[in-house]
Amino acid sequence: MVEIIWSFLERAAEHLLSSSWPYYALTLVSGSYFFRLLSAFLPVKPRRGWRIALVLALGVFSYAIIWLGDINLLFALLFFVPALLLASQGDLAGRLAVTVIFFCLMMPVNAALNTYYAPVMAHFELDMVFFITDKFIRPLIWGLLYLAARKHLPEKPPQLSPRFWRLILLLAAMPFSALLAVVLLPIFQLKYSYSDYTLHGLIMSLGVAVLPFVFLTSLALLYAIRVLEDHERLEQADKLASLRESYYQGLQREERQVRTLRHDLRNHLTALRGLVETGKTDKALQYMDQLAESPALRGGRRLCDNDAANAVLSTKAEAMRRAGLEADVAVSLPKVLPIADADLCALLGNALDNAMEAAELCLDKTVIVRCRAEKGLLMLRVENAVEGVPDLSTTKANKASHGFGLPGMREIAERRGGSLETRVRNGRFELVACLPLAMDSVSPAD
C-alpha cells in the first residue's frame, strides 16, 4: 500500500514538474486570495488592468524563494513596494503603511517554508512530497486566512487621517525591521568570531521566534487599523453632533429672543410713541436702532438646505460675529449630497477655522465663503485677508498660518477624486476645493 501511494506521489510530482499550467493556476489562486485580503485595506485603482496585474504580481511574490541568509528578500522588497504603490491610490503614508504590513505578512510564510519545511522534508527523503505540497500550501494559507477574516474585513479600504496613517507606518517599522534583521543577519556571519555552526543554530532559532512574531504583528496592525477607523468615525460623529447641538441651541436661543421681543413689543411701541409725541425724534431713532440690533431681528440662521453644512456654517458665522469678523456667506447646497456628512463638515469647518484665525490678525475682518453644488461638482471657495505669506506646511494650530487642517482637507478632496488648491493674491488668501459628487467616497480611476 505504501509503495502504491509513493508511486502515485512520484507520478504526480513528475507531472507537476513537467507541466507549467498547474503552477500558473496555483499562482493565480494564491494571488487572488492575497489580493482579496489586500484590497480590503488598500484602495486599489479601479481599472481592471491594474487589478489583474496586481493579482498576478501577488501570485508571483507569494512563491518568492526566501531563505534566512539570502538576499532575495531585498529584491522582493524592491519590486513589491513599487508594484503596490503604483496599483493603489489615496494617502501616500496610508498606502505605504499597508504595503509594509502585507509585505511582513507574506514574506515570513515564504521564509518559513523555504528555510524550515524544505530541509525537513529533504532530511526524511520526502522531496517528492515537498514538491507537491509546496505548490498547494501558499494558496491554502491565504485562502484559509481570507475565509477566517472575511466577515471582519472592512467593506471598503479604511479612511484614516494622515496622523493615524503615520502612526501605523511607524508601528509597521517594528515587524519590518525584525524581518529584515532575521533574514539578512546570516549574510554578515563572517564578522562573528564563533563558529559558523553555532551561528547557524542561533539564526535558525531566531527565525523560529521572529518569523511568527512578524506574521502575527502584521495581523495585529491590520486589526489596529480597523479599531482606529472606528475610533475616528466616532470622533467625527461626535464633532458633528457637537456642531449640530450648538446649532440647535442657537435656534432655541433665537426662538426665546423672538418670544421675548413679541412679549415686550407693546412696551417698545408705547415708548417710541411717547418719544415721538414729545418731539424727541433723535432718541426715538436711537431706540429703533437698538431694537434693530436685537438678535431676534437679525433673520434666520438657515444658510443652505443641507442640514450638516447649515449646522457648520451657522455655528461658524455666529463665532465670527462674536469675534468681530464679517461673514460674507453665499452657499447653495441641496438637502441631500452624495458625500459623507463627516467629510463635508470637516472640509467646511477646517476651512472656516483657518480663515477666522488669520482674519483676526488683519485689519480687513471679512471672510468670504462661496459654496455650491451643480453639474456633479461641489465647489468651495473661502477667502480672507492675510498678513505676510502663510506657512502651509505646518500642522500646528498657529494663528499666523493656514497649515492647521490642510492635510486632512486635501486628503478628503483627493480621496474623492477632487482637488484642493491654496494661493495668496493681493494680500488675500484663497482656498479652492472642487469635488466630484457623482460617486461614493472611493477615489476614481487613475
Side-chain angles (χ1 to χ4, degrees), residues 2-3 5-31 33-34 56-80 102-145 175-176 178-190 195-219:
V2 175
E3 293 179 357
I5 296 175
W6 186 253
S7 177
F8 171 78
L9 291 175
E10 285 184 337
R11 288 197 300 272
E14 291 175 358
H15 178 70
L16 282 173
L17 293 175
S18 62
S19 178
S20 58
W21 71 264
Y23 172 75
Y24 294 146
L26 291 171
T27 300
L28 185 61
V29 172
S30 180
Y33 278 124
F34 198 85
L56 295 176
L58 292 173
V60 173
F61 284 126
S62 68
Y63 282 92
I65 299 176
I66 306 296
W67 297 83
L68 298 189
D70 189 82
I71 203 170
N72 279 352
L73 182 69
L74 293 181
F75 291 115
L77 178 64
L78 291 177
F79 287 98
F80 188 92
F102 276 90
F103 183 80
C104 294
L105 197 66
M106 177 183 286
M107 294 306 154
V109 173
N110 293 351
L113 291 175
N114 292 321
T115 304
Y116 299 98
Y117 180 59
V120 168
M121 300 300 284
H123 176 75
F124 291 101
E125 299 181 353
L126 298 175
D127 300 271
M128 292 299 179
V129 176
F130 169 75
F131 287 134
I132 294 176
T133 57
D134 182 60
K135 300 296 184 292
F136 291 91
I137 287 178
R138 290 168 176 83
L140 180 63
I141 290 174
W142 305 126
L144 291 176
L145 184 59
F176 180 69
L179 176 65
L180 291 182
V182 74
V183 174
L184 301 180
L185 178 63
I187 297 176
F188 307 100
Q189 60 182 343
L190 296 178
S195 67
D196 292 346
Y197 178 80
T198 303
L199 179 62
H200 177 75
L202 175 61
I203 291 172
M204 295 296 285
S205 299
L206 285 175
V208 171
V210 173
L211 294 179
F213 164 79
V214 173
F215 182 84
L216 295 175
T217 303
S218 301
L219 292 178

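We count residues from 1, following the sequence as given.
Separation of atoms OG1 (Thr27) and OH (Tyr63) is listed at 5.0 Å; rounding is to 0.5 Å. A distance of 3.5 Å separates CE in Met106 from CZ in Phe34, rounded to the nearest 0.5 Å. Remark: Tyr117 OH to Ile137 CD1 distance equals 4.0 Å, nearest 0.5 Å. Rounded to the nearest 0.5 angstrom, Leu216 CG and Cys104 SG are separated by 12.5 Å. Rounding to the nearest 0.5 angstrom, the gap separating the CG atom in Leu73 from the CG atom in Leu184 is 5.5 Å.
Taking 4.5 Å as the limit, some side-chain heavy atom of Leu113 sits within range of a side-chain heavy atom of Val109. Annotation: side chain of Tyr116 is in contact with side chain of Leu68 (closest heavy-atom distance under 4.5 Å). Between Thr115 and Leu211 there is no side-chain heavy-atom pair separated by less than 4.5 Å. Looking at heavy atoms from C-beta onward, Thr217 lies out of side-chain contact with Phe176 at the 4.5 angstrom threshold. By the 4.5 Å heavy-atom criterion applied to side chains, Leu219 and Leu145 are counted as neighbours.
Counting all heavy atoms, side chain and backbone alike, Pro108 lies closest to Phe103 at CD-O, 4.0 Å. Pairing each heavy atom of Met107 with each of Ile66, the nearest pair is SD-CG1, 4.0 Å. Pro139 and Val29 make their closest contact through CB-CG1, 3.8 Å (heavy atoms, listed as atom of the first residue, atom of the second, distance). Nearest heavy-atom pair across Trp67 and Val183 is O-CG1, 3.4 Å. Contact between Ser62 and Asn110 at its shortest, heavy atoms only, is O-OD1, 2.8 Å.
At most 12 heavy atoms of other shown residues, nucleotides or ligands fall within 6.0 angstrom of atom CD1 in Ile65.
With hydrogens and angles disregarded, no donor-acceptor distance shorter than 3.5 Å links the side chain of Arg138 to the backbone of Ser30. Not a single donor-acceptor pair under 3.5 Å links the side chain of Tyr33 to the backbone N or O of Leu140.
The six-membered or imidazole ring of Phe80 lies away from that of Phe102, with a centre-to-centre distance of 6.0 Å or more.
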